[in-house]
**Student:** 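I have a structure I would like to understand better, so I am pasting it below and will then ask my questions one at a time.
To find a chain, count down the sequence lines: A is the first, B the second, and so on, and within it residues start at 1. Small disclaimer: the values here were computed from a predicted structure and weren't measured.
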Number of protein chains: 4
Amino acid sequence: MGARLTRRITARGVERRNQLVTEATRLFAQRGYHSTSVADIVGSLGVGKGVFYWYFDSKEALFVHILRTGQQELRRLQDAAIAGETDPIRRIELGLRASITWADERPELSQLVQFAANDSLFADRVRRGEEIAVADVAAHLQEAIEAGRIHHDDPVMLAHAMVGTLGHLYRTFVQGAGRDATEVADDLVSFCLYGAFGKQP
Amino acid sequence: MGARLTRRITARGVERRNQLVTEATRLFAQRGYHSTSVADIVGSLGVGKGVFYWYFDSKEALFVHILRTGQQELRRLQDAAIAGETDPIRRIELGLRASITWADERPELSQLVQFAANDSLFADRVRRGEEIAVADVAAHLQEAIEAGRIHHDDPVMLAHAMVGTLGHLYRTFVQGAGRDATEVADDLVSFCLYGAFGKQP
Amino acid sequence: MGARLTRRITARGVERRNQLVTEATRLFAQRGYHSTSVADIVGSLGVGKGVFYWYFDSKEALFVHILRTGQQELRRLQDAAIAGETDPIRRIELGLRASITWADERPELSQLVQFAANDSLFADRVRRGEEIAVADVAAHLQEAIEAGRIHHDDPVMLAHAMVGTLGHLYRTFVQGAGRDATEVADDLVSFCLYGAFGKQP
Amino acid sequence: MGARLTRRITARGVERRNQLVTEATRLFAQRGYHSTSVADIVGSLGVGKGVFYWYFDSKEALFVHILRTGQQELRRLQDAAIAGETDPIRRIELGLRASITWADERPELSQLVQFAANDSLFADRVRRGEEIAVADVAAHLQEAIEAGRIHHDDPVMLAHAMVGTLGHLYRTFVQGAGRDATEVADDLVSFCLYGAFGKQP
DNA sequence: AATGAATGAGCGTTCATTCAT
DNA sequence: GATGAATGAACGCTCATTCAT
């Protein structure tokens with residue numbers, strides 16, 4: 001898909017490309033996709049406009065690249081976090097914690113994902129990625145349901161509820177209020193498992 | 001906040017203004033704020049461009065107006081829904097249900113709010129409106145905590161968790177999958193109160 | 001084919017549109033289509049760039065408009081020239097003369113048609129228009145053949161030969177060398193009817 | 001004219017240069033001069049951009065080179081075709097036939113010549129080449145006129161008429177409709193000598 | 001000889017906004 | 001109140017050309 005994939009790129013080229021990705025990510029997160037022009041990105045790097053189009057087919061293509069990279073990275077972290085854990089409920093907890101950790105370490109990426117989810121150009125792509133993450137959680141829930149540990153008939157609904165809570169708490173308290181990510185993760189896990197009434201002692 | 005507020009507007013003028021708001025809302029929700037031009041809006045109404053600037057200072061001002069209207073309407077519905085209810089937990093439940101009902105009846109408005117929350121131009125305004133809604137829920141929670149019915153030390157965190165769940169379940173299942181709003185509201189309330197483990201019988 | 005067709009245009013607008021067409025025709029003929037930018041056209045008229053796109057969907061659309069106008073005008077002149085003439089050979093002669101006259105009076109248009117015939121973007125359109133003109137001539141030839149006045153089995157080939165001669169003589173002698181169009185038309189007619197050997201006395 | 005002419009070129013260099021010429025000719029004919037970028041040419045050959053500018057001063061210079069080569073080749077073929085023929089009218093006929101044969105065997109070159117004749121950048125050069133070809137034909141015609149075999153006072157006009165017919169018939173029937181070049185040449189010769197009325201038996 | 005990287009002016013096009021009528 | 005016309009800065013993108021390696 002695109003000449004860019006077949007172009008031979010030198011070490012110097014790889015570096016430039018990474019610079020572009022980094023700078024674009026920063027600017028997109030800071031000002032938004034639509035308010036960041038290609039001129040802004042290359043200007044901020046002090047290079048000519050042509051450089052951008054040497055490495056990417058379009059502004060949109062670069063954004064999609066950033067998005068994909070972020071979603072893949074998150075997924076890898078989640079997989080790593082639950083590796084070896086046999087308890088499905090612990091797997092859910094570890095997955096939620098890994099997500100908040102990732103977002104905390106990659107605040108710009110997570111912000112771009114949020115934006116993309118609400119822009120007609122990118123919404124579908126984000127939704128698809130989200131479905132995958134939700135399916136993972138739902139699988140753990142299903143296992144817990146079958147083990148009789150959770151009484152619910154709709155693991156997908158539950159999974160979505162968790163993902164929604166996760167996103168909102170992260171945005172509000174970590175990103176917005178600067179609270180410690182680990183503490184927020186504690187509250188997130190507690191809410192997702194026991195709701196407002198909290199764990200019965 | 002400008003010349004438009006001081007302009008005397010006739011009955012016919014009010015109608016025109018409403019037409020503009022309605023059409024803009026429809027188009028913004030359908031194609032997105034950035035992809036909808038002022039020309040689209042007036043063109044779709046078959047009127048000249050001057051009309052738009054007669055009633056609104058700018059495209060941004062119109063969007064803010066739509067946003068404010070929506071948030072006020074939602075708040076009014078929530079207040080009406082809990083009026084007379086003395087049980088704080090029931091008040092929370094009724095508030096959540098009222099929110100989903102509003103979003104179901106005003107899908108375009110709720111979509112615009114989502115967009116606005118992720119656009120640098122409008123995010124602050126949305127956040128402020130959200131804080132108000134959260135404060136309401138948090139007040140009910142505080143009451144329940146003081147009554148010893150809920151054991152938690154951070155009602156604001158809980159309230160945000162609920163609002164996040166609400167938004168995501170609505171988007172995914174009502175808006176996205178076309179499920180019945182009342183059923184989704186049932187699941188939402190259950191999750192918010194009891195979490196994944198569900199109500200203990 | 002687009003929004004432009006449905007736009008209400010005032011008398012002033014019609015004038016502007018005509019100015020654009022005239023100026024663009026002049027510049028296209030002088031510098032060529034690719035070497036004439038939209039900025040050149042509006043700059044030459046002393047108006048803003050937006051004016052261009054108020055009246056035309058694109059630079060290409062404007063060029064096509066000019067082309068179509070020219071071809072229609074030529075056809076109308078040819079039809080008028082042969083109206084009432086019953087002798088098919090005289091009809092051919094009158095058509096050829098009308099064409100040279102048109103080109104002489106509209107040198108810019110005829111140059112644009114030549115350019116367009118050799119540009120991949122417009123070649124098909126020109127070819128189609130040419131086929132119509134050729135069909136007219138071929139019909140007259142067919143009539144002459146059936147009357148036993150011309151001995152040839154391929155009127156379409158003959159018609160194309162004439163059209164090719166016409167274009168080249170016009171370009172070389174009228175457009176290029178500034179010779180009198182009527183005299184060139186005499187030679188054209190003579191060559192088309194009798195070839196190099198000339199009319200036998 | 002230009003540094004390139006003084007550069008010593010190895011055998012391998014000659015090959016590269018020819019590859020560039022061949023590929024550029026193909027692409028120019030297929031997509032047009034303006035729509036074919038230097039990047040297209042070198043990309044299609046799988047070499048770097050520097051190669052292009054090692055062998056040619058500019059895109060324009062390459063095109064001019066192709067043009068010149070083509071015109072020279074055609075002239076050589078025409079000269080060879082009439083060598084030894086003493087009858088001036090036969091020389092004309094043989095020249096016309098040689099031209100169609102050349103165009104048939106070098107369709108890309110002949111298409112480029114057509115394009116160049118209508119582009120402000122190259123028109124003059126083509127015109128000059130054409131004048132030479134026309135002068136050849138005109139010389140034969142002059143000879144025939146002096147021998148009393150053709151009654152006409154303007155051999156240059158006649159020669160241009162022939163060249164115009166030639167080009168148009170080739171384009172329409174050989175290039176466009178795929179007809180056999182030899183048959184078209186028959187019709188061309190017949191038309192040029194006897195016109196529409198045809199040879200008197 | 002040859003490469004991939006870089007330049008930057010210029011392109012066609014859009015669009016929020018203003019304004020004379 | 002309302003219109004169609006006009007503005008012009010800004011946008012995403014292209015591409016002939018140059019250059020360090």
**Student:** Establish, with yes or no, whether the OP1 or OP2 oxygen of E:dT14 is under 4.0 angstrom from a side-chain nitrogen or oxygen of C:Y53.
**Tutor:** no
**Student:** Heavy atoms under 4.0 Å is the rule here; annotate nucleotides 5-11 of chain F 5' to 3' with B where the base is hit, S where only the sugar-phosphate is, and - elsewhere.
**Tutor:** BBBB-BS
**Student:** Could you report the tightest heavy-atom contact between D:Q175 and D:P107, atom names first, then the distance?
**Tutor:** OE1-O, 4.3 Å
**Student:** Got a sec, which residues hit salt bridge (Lys or Arg N to Asp or Glu O under 4.0 Å) with C:D40, two or more places apart in sequence or on another chain?
**Tutor:** C:R31
**Student:** Tell me, please, which residues at least two apart from D:T22 pass side-chain contact (heavy atoms from CB on, under 4.5 Å).
**Tutor:**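 Not a single residue meets the side-chain contact (heavy atoms from CB on, under 4.5 Å) criterion with D:T22.
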**Student:** Only Watson-Crick and G-U wobble pairs with both distances less than 3.5 Å should count. Give DNA chain F in dot-bracket notation, marking inter-strand partners with |.
**Tutor:** .||||||||||||||||||||
**Student:** For B:S44, what residues pass the side chain to side chain donor-acceptor pair (under 3.5 Å) criterion, not counting sequence neighbours?
**Tutor:**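 B:S44 satisfies side chain to side chain donor-acceptor pair (under 3.5 Å) with B:E23 once adjacent residues are dropped.
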**Student:** Check side-chain contact (heavy atoms from CB on, under 4.5 Å) between C:A39 and all other residues, then give those that pass, not counting sequence neighbours.
**Tutor:**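 If we apply the side-chain contact (heavy atoms from CB on, under 4.5 Å) test to C:A39, skipping adjacent residues, the hits are C:S37, C:K49.
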**Student:** Quick one: side-chain contact (heavy atoms from CB on, under 4.5 Å) partners of B:E108, sequence neighbours excluded?
**Tutor:** B:T25, B:R26, B:A29
**Student:** Tell me the salt bridge (Lys or Arg N to Asp or Glu O under 4.0 Å) pairs involving residues 112-121 of chain C, sequence neighbours left out?
**Tutor:** none
**Student:** For DNA chain F, find the residues of residues 22-33 of chain D with a heavy-atom distance under 4.0 Å and give them by number; none if there aren't any.
**Tutor:**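 None - not one residue of the stretch has a heavy atom sitting under 4.0 Å from the strand.
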**Student:** Tell me which donor-acceptor pairs under 3.5 Å the side chains of residues 62-72 of chain B have, and how far apart each pair is, sequence neighbours excluded?
**Tutor:**
from  : atom 1 : to    : atom 2 : distance (Å)
B:T69 : OG1    : B:H65 : O      : 2.7

**Student:** With sequence neighbours excluded, what pairs up with B:R106 under the salt bridge (Lys or Arg N to Asp or Glu O under 4.0 Å) test?
**Tutor:**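 Per chain and number, B:R106 pairs via salt bridge (Lys or Arg N to Asp or Glu O under 4.0 Å) with B:E73.
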**Student:** Kindly write out the residues that satisfy side-chain contact (heavy atoms from CB on, under 4.5 Å) with B:E15, not counting sequence neighbours, or none if the list is empty.
**Tutor:** B:Q19
